[in-house]
Amino acid sequence: MPVKKIIIVGGGNAGLSVAAQLLAKEKDLQISIIEPSEKHYYQPAWTLVGAGIFDINKTVRNEVDFIPSKATWIKDAVESFVPDENKVVCKSGAAYSYDAMVVCPSIQLDWNKIQGCKETLGKNNVSSNYAFDMAPYTWELIKNFKGGTAIFTNPTSPIKCGGAPHKIMYLACDYWRKQGILDKCDVHYLSGAGAIFAVKEYAATLVEVVKKDNIKTHFSVNVTAIDGTGKTIQYEEKDKEGITVKKELKFDLCHIVPPQSAPDFIKSSPLADPKNTYGYVDVNKNTLQHKIYPNIFALGDCTNAPCSKTGAAIRKQAPVVVENVLSFLKEQQVAGEYTGYSACPIPTEYGKLMLAEFDYTNTPTMTFPINQAKPNWAMWILKVKVLPWLYWHKILRGTA
Ligand SMILES: Cc1cc2nc3c(=O)[nH]c(=O)nc-3n(C[C@H](O)[C@H](O)[C@H](O)COP(=O)(O)OP(=O)(O)OC[C@H]3O[C@@H](n4cnc5c(N)ncnc54)[C@H](O)[C@@H]3O)c2cc1C
């Protein structure tokens, strides 16, 4: 195959995995990774940081150490796409052309969609594990809580790691139980989803945990505002007639998860799905090839593939994208298929975790020869020890 130029937009979990895997298969590819950040973050550990059992400094490393030696790092941010000319334009004004492009700049945290959120985040007992500099504050709040009302939110939009909004709630309740204060805690879960979990086999386990922790759940609600100094959160809920009513709760501790959507430069581009309110990249959900531009592929949190947005999903998506990009460049049929696999490791207490694995049909697809819907210690060790090691040493290197 003559030398082909590939551009990867975003050198995160997805971009680094794909770059490494492509080069392992075709060492002569000319791969450029456009990535503005000097740092790369292992976000799945932020839940553990918020629960006081993981060092935040171990979740960040230098991007340069993970760019494959045969790839070129363009330290810039993509601003616009000109797919009809096979070109991307960066913030610096530089433009780059490609034979094939892989788009994976993740998802945007829309903090501004909750009024007052930006102003109060990181103080006034309001935190979020969705930001590197905030996760340690979550632990400060949980550790110092002496009882009162604790609120955990989950937005109405799709988010990265659908489990993260409630994982931290179960760990907080377990910590308070062990401190002997859980009976003084009034814990509320304000969720935009219609149920605790979409896959019924795993939901059954979580319903029991919610009961044991005495958590009050509020489903299909939309958090609209938070007043940190007044310690009040506002949300919308439909009444029995289907009419939206405004409600509010006072809190002493609040863990917020922001609404999320495609990054603005994706939303406003020809790559976005025009029918998707969140502006995600419009791909075939199995081949991950763009529906209009066949030399563009996308994976990770930025696509409209209706899977759960996780690093676990990327582990299955990356080899499919690699196979299909190479087939496309060789003018062969694009045959690699992603089945929607995702995984959500949900700790239900310190030392016990339920590894929820499933696909597009919301059918459990368990890897291990045990009932993974039953929280256990082995899966906890997988999350706390094995997966972080696997991520830095194998996944980002394209070997797992
Ligand atoms: C609190 C929390 C808990 C989580 N828990 C889990 C879990 O237990 N298990 C699990 O599998 N997943 C979990 N996840 C989700 C997982 O972290 C993400 O799904 C994964 O990181 C997505 O990878 P990505 O490559 O799409 O995005 P990222 O890894 O975020 O990389 C995107 C890259 O694109 C770059 N970029 C942004 N804008 C531009 C631009 N304009 N031009 C070029 N580059 C750009 C960014 O700088 C970044 O480096 C969790 C996430 C959070 C926040």
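Remember, it's 1-based here, ligands and their atoms both numbered in the order they're listed.
Separation of the Phe152 and His166 ring centroids does not fall under the 6.0 Å cut-off. Note: Phe145 and Trp176 meet the aromatic proximity criterion, with ring centroids under 6.0 Å apart.
For ligand 1, the atoms sitting less than 4.0 Å from at least one non-hydrogen atom of Lys309 are 19 (O), numbered in the order shown with element in parentheses. In summary, the atoms of ligand 1 found under 4.0 Å from a heavy atom of Phe265, numbered by their order in the structure, are 40 (C), 41 (N). Close approach of ligand 1 to Tyr130 (heavy-atom distance below 4.0 Å) involves ligand atoms 53 (C). Interface atoms of ligand 1 facing Gly10, defined by a heavy-atom separation under 4.0 Å, are 34 (O), 35 (C), 43 (C), 44 (N). For ligand 1, the atoms sitting less than 4.0 Å from at least one non-hydrogen atom of Lys383 are 7 (C), 8 (O), numbered in the order shown with element in parentheses. Residue-ligand proximity, Pro36 to ligand 1, at heavy-atom distances under 4.0 Å covers atoms 43 (C), 44 (N), 45 (C). Under a 4.0 Å criterion applied to the non-hydrogen atoms of Asn129, ligand 1 contributes the atoms 1 (C). Per-residue contacts place Cys104 under 4.0 angstrom from the following atoms of ligand 1 (heavy atoms of the residue considered): 32 (C), 34 (O).
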Full working for side-chain contact (heavy atoms from CB on, under 4.5 Å) between Cys173 and Val187: CA-CA 8 Å; Cys173 286; Val187 183; 4.0 Å; yes
Give the C-alpha distance, both sets of side-chain angles, the deciding distance and a yes or no for ring-ring contact (aromatic ring centres under 6.0 Å, His included) between Tyr360 and Tyr338. CA-CA 9 Å; Tyr360 278 138; Tyr338 167 63; 5.6 Å; yes
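Using a 4.0 Å cut-off between heavy atoms, Ile314 contacts ligand 1 through its side chain alone, with no backbone atom that close. Only side-chain heavy atoms of Lys167 come within less than 4.0 Å of ligand 1; its backbone N, CA, C and O stay farther off. At a heavy-atom cutoff of 4.0 Å, ligand 1 is contacted by both the backbone and the side chain of Pro44.
Considering backbone and side-chain N/O atoms, Lys160 never comes within less than 3.5 Å of an N/O atom of ligand 1. Considering backbone and side-chain N/O atoms, Asp76 never comes within less than 3.5 Å of an N/O atom of ligand 1. Geometrically, ligand 1 and Trp46 share no nitrogen or oxygen pair separated by less than 3.5 Å. When only interatomic distances are considered, the shortest N/O to N/O separation between Tyr391 and ligand 1 does not fall below 3.5 Å. Residue Gly311 places at least one N or O, backbone or side chain, under 3.5 Å from an N or O of ligand 1. The shortest N/O to N/O separation between Gly300 and ligand 1 does not fall below 3.5 Å. In terms of polar-atom proximity, defined here as any N/O pair under 3.5 Å, Val78 does make such a contact with ligand 1.
Salt bridge present: Lys330 and Glu26 bring a charged side-chain N and a carboxylate O closer than 4.0 Å.
Tyr280 carries Lys309 over the face of its six-membered ring, with the cationic atom under 6.0 Å from the centre and within 45° of the normal. For the pair Lys5 and Tyr98, the NZ or CZ position fails the cation-pi test of under 6.0 Å to the six-membered ring centre and within 45 degrees of the ring normal.
Taking the six-membered ring for Trp and thresholds of 30 and 60 degrees, Tyr202 and Phe197 have ring planes more than 60 degrees apart, a perpendicular arrangement. Using the six-membered ring where Trp is involved, Trp392 and His40 have ring planes that are perpendicular, over 60° apart on the 30 and 60° scheme. Using cut-offs of 30° and 60° for the angle between ring planes, the Tyr175 and Trp139 rings count as perpendicular. Between Trp389 and His393, the ring planes lie parallel to each other; the angle is under 30°, not in the 30° to 60° tilted range.
Glu248 and Tyr235 form no side-chain donor-acceptor contact under 3.5 Å, judged by distance and modelled atom types alone. A donor-acceptor contact under 3.5 angstrom links the side chains of Thr367 and Glu357, judged on distance only.
For Glu63, the heavy-atom gap to ligand 1 stays at 4.0 angstrom or more. Note on ligand 1: Pro263 sits outside its first shell, no heavy atom being nearer than 4.0 Å. The shortest heavy-atom distance from Glu79 to ligand 1 is not under 4.0 Å.
From the protein, the heavy atom lying nearest to atom 9 (N) of ligand 1 is Pro345 CD, 3.9 Å. With hydrogens left out, the protein atom closest to atom 29 (O) of ligand 1 is Asn13 N, 3.0 Å, a heavy atom. The closest protein non-hydrogen atom to atom 18 (C) of ligand 1 is Asp301 OD2, 3.4 Å. Scanning the protein heavy atoms around atom 33 (C) of ligand 1, the nearest turns out to be Glu35 OE1, 3.5 Å. Here the protein heavy atom with the shortest distance to atom 2 (C) of ligand 1 is Gln43 O, 3.7 Å. Among all protein heavy atoms, the one lying closest to atom 27 (O) of ligand 1 is Ser106 CB, 3.1 Å.
For the atom pair Met379 CE and Met354 CE, the distance stands at 12.5 Å (nearest 0.5 Å). With values rounded to the nearest 0.5 angstrom, Arg315 atom CZ is found 8.5 Å from Leu387 atom CG.
In this structure, His188 and Thr149 have side chains that are in contact, with non-hydrogen atoms separated by less than 4.5 Å.
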